[in-house]
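Note that the structure is predicted; figures quoted are calculated from it, not measured.
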Amino acid sequence: MSSSGSPAYVVGVGLTKFIKPRGQVDYPEMGFEAGVKALSDADINYDEVDQGVACYAYGDSTCGQRVFYQFGMTGIPIYNVNNNCSTGSTGLFMARQLCASGTANVVLVVGFEKMFPGSLQTFFKDRTNPLDKTFKVMSSTRGIDPKVPGAAQLFGNAGREYIEKYGAKDEDFAEIARVNHEHSQRNPYSQFRNVYTREQISNSPMIHAPLTKLQCCPTSDGAAAAVIISQSYLDSHPHLKSRAILIAGQSLTTDSPDLYNRSAIDLVGADMTRRAAKAALSQAGVTPESIKLVELHDCFSANEMVTIDALGLCPPGKAHEMVRAGDITCADGKVSRRVRGEAERIAGRGYNPATEARGLSKGEIEVAVSKTMASKVMVDEARESRL
């Protein structure tokens, strides 16, 4: 149950294929496709949607209305959310709160992104960069290389600190990338579905040690959507109970002063991840040892390493041992302790975990993490679910 009210459930999801950002498809089409799929999956008409949440980081104000008006101009409130890498997760968080509080019974959340080729960049150069203090800390502790993308340096430095403090090795980070590339061949929505050996990954061009090119995610265009409903709506529509996935625990957090404690690991959000995970798991009434599947944002392999640790999926400082033990793969069809990385997509991230939860059998648990500017952990318990 939500700490702020009644339970809320995921009853429908939709995804588009994620593609290279080459302007081939515009955001209205992507958002429409994902939303129609989610509504169809939920067996709910748009006329029943009380509120809408549109999630994107690249685009002008009210792009959400442009997408939602295609479903119908019903006069409902439509919120536009931009929260960097937790944009999609924030949309789900808002939808859950709206349903749990009784403000809405049915909320459609649609995340879409039309990005630019190449690494992430700043567009508003006439005002303060929101990461200015973060980069000042990095500059004073590890230095800044103007030839390397800033995000790669932030996460690469976190990987370096994990090596220095806990004894991880470069090949451990390469193994994370190998596993995630291996998973991609079975994901029809993935932008890239190529499989690489660990040696190929290690030998790809160095970006910022320990990160090579094949350990750094690409930017992507695509969209995802989810339909969230309240307990009262579920009670009045009992035919939906067979597909309803309870959001058993969810937490959205931001940084504490530890962000600036000069640790490269905390500079990429490890502290807030710990707090978010603790809160979400407490809401769900489970422990890290209970988790059977983790959908984990792997913008860089180093992020997966430090986040495995911050989530409490291993003893402190032992994430690389979990990697070496082969405990981060679902390739063998194992049920227990699977960690799967997901590719870079800003607004769509946070929906894929909800999509995966719809395929879990009864009693299985999924934890999903998105973080950078903010952190969110969602635990979905697949109660009465068999889809």
(request) Determine, stepwise, if the pair Ile328 / Ile176 fulfils side chain to side chain contact (heavy atoms under 4.5 Å, CB included). (result) CA-CA 8 Å; Ile328 63 166; Ile176 289 174; 3.9 Å; yes
(request) Might you work through the side chain to side chain donor-acceptor pair (under 3.5 Å) test for Ser101 and Thr103, ending with a clear yes or no? (result) CA-CA 5 Å; Ser101 66; Thr103 305; 2.8 Å; yes
(request) Evaluate the side chain to side chain contact (heavy atoms under 4.5 Å, CB included) criterion for residues Leu234 and Lys241: first the C-alpha distance (whole Å), next the side-chain angles of each, then the deciding distance (0.1 Å), finally the verdict. (result) CA-CA 7 Å; Leu234 183 62; Lys241 290 187 176 182; 3.7 Å; yes
(request) Would you sort out whether Gln215 and Ser301 count as a side chain to side chain donor-acceptor pair (under 3.5 Å), showing the intermediate values? (result) CA-CA 5 Å; Gln215 297 177 58; Ser301 60; 2.6 Å; yes
(request) Decide side chain to side chain contact (heavy atoms under 4.5 Å, CB included) for Val109 and Met94; before the verdict, give the C-alpha distance in whole Å, the side-chain angles of both, and the deciding distance to 0.1 Å. (result) CA-CA 9 Å; Val109 192; Met94 290 175 60; over 6 Å; no
(message) For a salt bridge (Lys or Arg N to Asp or Glu O under 4.0 Å) check, start with the C-alpha distance between Arg274 and Asp266, then their side-chain angles and the critical distance, and finish with the verdict.
(response) CA-CA 10 Å; Arg274 293 186 195 96; Asp266 283 335; 3.5 Å; yes
(request) Kindly determine whether Leu108 and Tyr46 satisfy side chain to side chain contact (heavy atoms under 4.5 Å, CB included), including the steps that lead there. (result) CA-CA 9 Å; Leu108 174 63; Tyr46 184 68; 4.1 Å; yes
(message) Before you tell me yes or no, could you show the steps for Ser263 and Glu161 under side chain to side chain donor-acceptor pair (under 3.5 Å), namely the whole-Å CA-CA distance, both residues' side-chain angles and the distance that decides it to 0.1 Å?
(response) CA-CA 8 Å; Ser263 163; Glu161 183 174 313; 2.8 Å; yes
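In this structure, Thr90 and Leu252 have side chains that are in contact, with non-hydrogen atoms separated by less than 4.5 Å. Taking 4.5 Å as the limit, every side-chain heavy atom of Met305 sits out of range of all side-chain heavy atoms of Ile308. For the pair Val110/Val53, no side-chain contact is recorded, criterion being any heavy-atom separation below 4.5 Å from C-beta on. Residues Ile19 and Ser220 fail the side-chain proximity criterion, which asks for heavy atoms closer than 4.5 Å. In this structure, the side chains of Leu39 and Asn45 stay at 4.5 Å or more apart for every pair of heavy atoms. Taking 4.5 Å as the limit, some side-chain heavy atom of Val294 sits within range of a side-chain heavy atom of Leu313. Between Val106 and Val11, every side-chain heavy-atom pair lies at or beyond the 4.5 Å cut-off. Inter-residue side-chain proximity for Arg160 and Pro210 is flagged as met; some heavy-atom pair is nearer than 4.5 Å.
Residues Val195 and Glu182 share a closest heavy-atom pair of CG2-CA, 4.3 Å. Residue Ala223 comes nearest to Met30 through the heavy atom pair CB-O, 3.3 Å, listed as atom of the first residue, atom of the second, then distance. Ala42 and Leu240 make their closest contact through O-CD2, 3.3 Å (heavy atoms, listed as atom of the first residue, atom of the second, distance). Nearest heavy-atom pair, Ser230 versus Ala104, reported as atom, atom and distance to 0.1 Å: CB-O, 3.9 Å. The nearest pair of heavy atoms linking Gly222 to Thr16 is CA-OG1, 3.5 Å. Taking each heavy atom of Gly52 and Phe68 in turn, the nearest pair found is CA-CE2, 3.6 Å.
Side chain of Ser86 to main chain of Asn83: a donor-acceptor pair is present (N/O by atom type, distance under 3.5 Å, no hydrogens or angles). A donor-acceptor pair under 3.5 Å is formed between the side chain of Asn187 and the backbone N or O of Tyr189. Side chain of Ser139 to main chain of Phe135: no donor-acceptor pair is present (N/O by atom type, distance under 3.5 Å, no hydrogens or angles). Using a distance-only test at 3.5 Å, with no hydrogens or angles considered, no donor-acceptor pair links the side chain of Asp41 to the main chain of Lys37. In this structure, Asn203 contributes its side chain and Glu199 its backbone to a donor-acceptor pair below 3.5 Å. A distance-only check finds no donor-acceptor pair linking the side chain of Ser290 to the backbone of Val286 [under 3.5 Å]. Without hydrogens or angle criteria, Lys165 side chain to Gly317 main chain gives no donor-acceptor distance under 3.5 Å. The closest donor-acceptor contact from the side chain of Thr212 to the backbone of Ile201 lies under 3.5 Å. In terms of modelled atom types and a separation under 3.5 Å, the side chain of Asp145 and the main chain of Lys147 share a donor-acceptor contact. A donor-acceptor pair under 3.5 Å is formed between the side chain of Gln191 and the backbone N or O of Thr219.
Asp258 CG to Ile265 CD1: the interatomic distance, rounded to the nearest 0.5 Å, is 13.0 Å. One distance of note links CZ of Phe173 with CG of Leu211; it measures 7.5 Å at 0.5 Å rounding. Distance SG/Cys216 to CD1/Ile207: 5.0 Å, rounded to 0.5 Å. To the nearest 0.5 Å, atom CG of residue Asp170 and atom CE of residue Met206 are 6.5 Å apart. Note that CG of Asp271 is 3.5 Å distant from OG of Ser256, once rounded to the nearest 0.5 Å. Note: Ile76 CD1 to Glu48 CD = 12.0 Å, rounded to the nearest 0.5 Å.
Counting non-hydrogen atoms of other residues, nucleotides and ligands closer than 6.0 Å to NZ of Lys278 gives a total of 12 or fewer. With a 6.0 Å radius and a threshold of 12 heavy atoms from other residues, nucleotides or ligands, Asp132 has its CG atom above the threshold.
Defined by atom type and a distance below 3.5 Å, a donor-acceptor pair is missing between the side-chain atoms of Asp221 and Gln24. Residues Asp235 and Ser232 have side chains that never bring a donor and an acceptor to within less than 3.5 angstrom of each other. Judged by distance alone, the side chains of His297 and Thr307 never bring a donor and an acceptor atom under 3.5 Å apart. Side chain to side chain, Asn157 and Gln153 fail the donor-acceptor criterion of an N or O pair below 3.5 Å. A donor-acceptor contact under 3.5 angstrom links the side chains of Tyr162 and Asp309, judged on distance only. Side chains of Glu113 and Tyr27: a donor-acceptor N/O pair is absent below 3.5 angstrom, by distance only.
Residues Phe116 and Phe123 place their aromatic rings such that the two centres sit under 6.0 Å apart. Ring centers of Tyr9 and Tyr233: at least 6.0 Å apart, outside the cut-off. Aromatic ring centres of Phe32 and Phe71 lie closer together than 6.0 Å.
For Asp255 and Lys133, the salt-bridge test fails: no basic side-chain N is under 4.0 Å from an acidic carboxylate O. The pair Glu164-Arg142 counts as a salt bridge, with a side-chain nitrogen and a carboxylate oxygen less than 4.0 angstrom apart. Taking the charged nitrogens against the carboxylate oxygens, Asp26 and Lys114 do have a contact shorter than 4.0 Å, which makes a salt bridge. Salt-bridge check for Arg324 with Glu321: failed, with every basic side-chain N at 4.0 Å or more from each acidic carboxylate O.
The same ILVMFWY cluster, assembled from side-chain heavy atoms under 4.5 Å apart, contains both Leu131 and Phe300.
A side-chain contact (heavy atoms from CB on, under 4.5 Å) with Leu214 holds for exactly one of His181, Arg178, Arg198; it is His181.
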